[in-house]
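Hydrogens, waters and symmetry mates are skipped; everything else that's a heavy atom, side chains included, is used.
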Amino acid sequence: MAITHRPFRADHVGSLLRPQRLKDARADYQNNVIDANKLKQIEDEEIEHIIEKQLEVGLHSITDGEFRRSWWHFDFLENLAGVEGYTSEKGLSFEGVETRNHNVKVVDKVAFNAEHPHFEHFKFLHDKVNGRATAKVSIPSPNQLFHPNILNEDIYPDIEDFAKDVSKAYHDSLLKFYELGARYIQLDDVYWANLTSGTQKTRGRDRSEEEKEVARQLAYRVVNDAVQDLPEDLLITTHICRGNYKSTWAISGGYEPVAPYLFKENLGGFFLEYDDERSGDFEPLRFFPKEQSAAVLGLFTSKKGDLEDKATVLKRIEEAQAYIDLDQICLSPQCGFASTEEGNNLTEEQQWQKLAYVVEIAKEVFGTAK
């Protein structure tokens, strides 16, 4: 059995720590010290720099580090037709930390936006990578719009109508990225983690198990409808996240409650967080789709700079093989290094060392990082 269209043996989720120069430029732009053109010039230069750094450490999937974004998800979602960003009463809760106050809401029928700024952002990345590796784009999963407090029942009294419109908007967006040269797109998804053993608030209360069951059934259908009938040479993967903000997290719990549903998504790869005990064991991988997908094991944490013990990493790869074949396994940090522009609590040097370490171990285990 050989999977020919999968993520790279050494891969990464995508977001990278923002250099101080970029942070300063964004602050200057907010304070009207510089204009949009000057900000873009600095973004362009810093993105060109990290393209070269990713190539230097041996990665074959190259992202723009999400350097033009403030958030990993809101920046994409609020630029879809029918979705609007707003300043919320409070931020999102993590372990002892609260994010900035921001969220999105549905204000009209959701639809594809041909002028979405992320298309131009990807085009810049694709042109600068220039065939030396694969330019990878990461966007939030369509499931992110199904968090209960985003839904607008006045506009969508029937959630199936909402699901249809969201999937169509995503399908058209994925095709647009493809037209611009994208052959590798990742859907980042925290929604599934909320449907595990953790809780998810619905209008201020926890979801019942019956409500979770309905939501799990809908979640994989939404993704499958979005990716249906896309070109065969377009690799679509997903990253299942438990939250990532200033080296903290939002959710704990293994994959067992969602695995029978999650792994029904028709995707070429699943980036799975396995950096500590919060993620549970490998047993849910018994549901993993053999012969059609790869499991990207996030055995390296992006939340701190210390390098993982190599013997422990190798042992965990061996343990995972009780449920999936070695040919299905790839390696990655468990999440991005800066899901928001604040970034995690490690240095840029530690970030690059960790990515080079993933490449090193992949070459040792698989004989290649590609």
Exercise. Do N266 and Y220 have side-chain atoms, one donor and one acceptor, less than 3.5 Å apart?
Worked result: no
Exercise. How would you list, by chain and number, every residue that makes a side chain to side chain contact (heavy atoms under 4.5 Å, CB included) with Q20, sequence neighbours excluded?
Worked result: K23, D24
Exercise. Can you list the residues that meet the side-chain hydrogen bond (donor to acceptor under 3.5 Å, both in side chains) rule with Q351, with sequence neighbours excluded?
Worked result: none
Seminar exercise, completed: Sequence neighbours excluded, the answer for side chain to side chain contact (heavy atoms under 4.5 Å, CB included) partners of T347 is E349, Q350
Exercise. Can you tell which of I329, L314, L331, T312 makes a side-chain contact (heavy atoms from CB on, under 4.5 Å) with L299?
Worked result: L331
Exercise. Do the charged groups of R183 and D233 touch, with an N to O distance under 4.0 Å?
Worked result: yes
Exercise. Can you list the steps and then say if F300 with Y274 is a ring-ring contact (aromatic ring centres under 6.0 Å, His included)?
Worked result: CA-CA 8 Å; F300 308 81; Y274 272 116; over 10 Å; no
Exercise. Between F146 and F162, how do the two ring planes meet: parallel, tilted or perpendicular, split at 30° and 60°?
Worked result: tilted
For this session: Describe, in one word, how the ring planes of F122 and H126 are oriented to each other, choosing from parallel (under 30°), tilted (30 to 60°) and perpendicular (over 60°).
Result: tilted
Exercise. Same cluster or not: are V296 and L262 linked, directly or through other Ile, Leu, Val, Met, Phe, Trp or Tyr residues, by side-chain heavy atoms under 4.5 angstrom apart?
Worked result: no
Exercise. Once you round to the nearest 0.5 Å, how far does CG of L17 lie from CD of E342?
Worked result: 11.5 Å
For this session: Please check if any side-chain donor atom of H60 sits under 3.5 Å from a side-chain acceptor atom of Q54, or the reverse.
Result: no
Problem set entry | Steps toward salt bridge (charged side-chain N to carboxylate O under 4.0 Å, His left out) verdict (R286, E256) | CA-CA 10 Å; R286 70 188 186 277; E256 185 68 23; 2.6 Å; yes
Problem set entry | Under 3.5 Å side-chain donor-acceptor pair for W71 and E78 | no
Exercise. Would you say F271 and D11 make side-chain contact, with heavy atoms under 4.5 Å?
Worked result: yes
Exercise. Are the aromatic rings of F288 and F270 close, with centres under 6.0 Å apart?
Worked result: yes
Seminar exercise, completed: OG (S138) and CG (L187) are apart, to the nearest 0.5 Å, by 9.5 Å
Exercise. Going by distance alone, is a donor N or O of one side chain under 3.5 Å from an acceptor N or O of the other, for N143 and D189?
Worked result: yes
Problem set entry | Reported CZ-to-CD distance for the pair R21 and E46, which is rounded to 0.5 angstrom | 5.0 Å
For this session: List the steps, then state whether side chain to side chain donor-acceptor pair (under 3.5 Å) holds for D188 with Q186.
Result: CA-CA 6 Å; D188 294 320; Q186 175 183 292; 2.6 Å; yes
For this session: Could you go through the ring-ring contact (aromatic ring centres under 6.0 Å, His included) check for F76 and Y170 one step at a time?
Result: CA-CA 11 Å; F76 181 85; Y170 263 80; 5.6 Å; yes
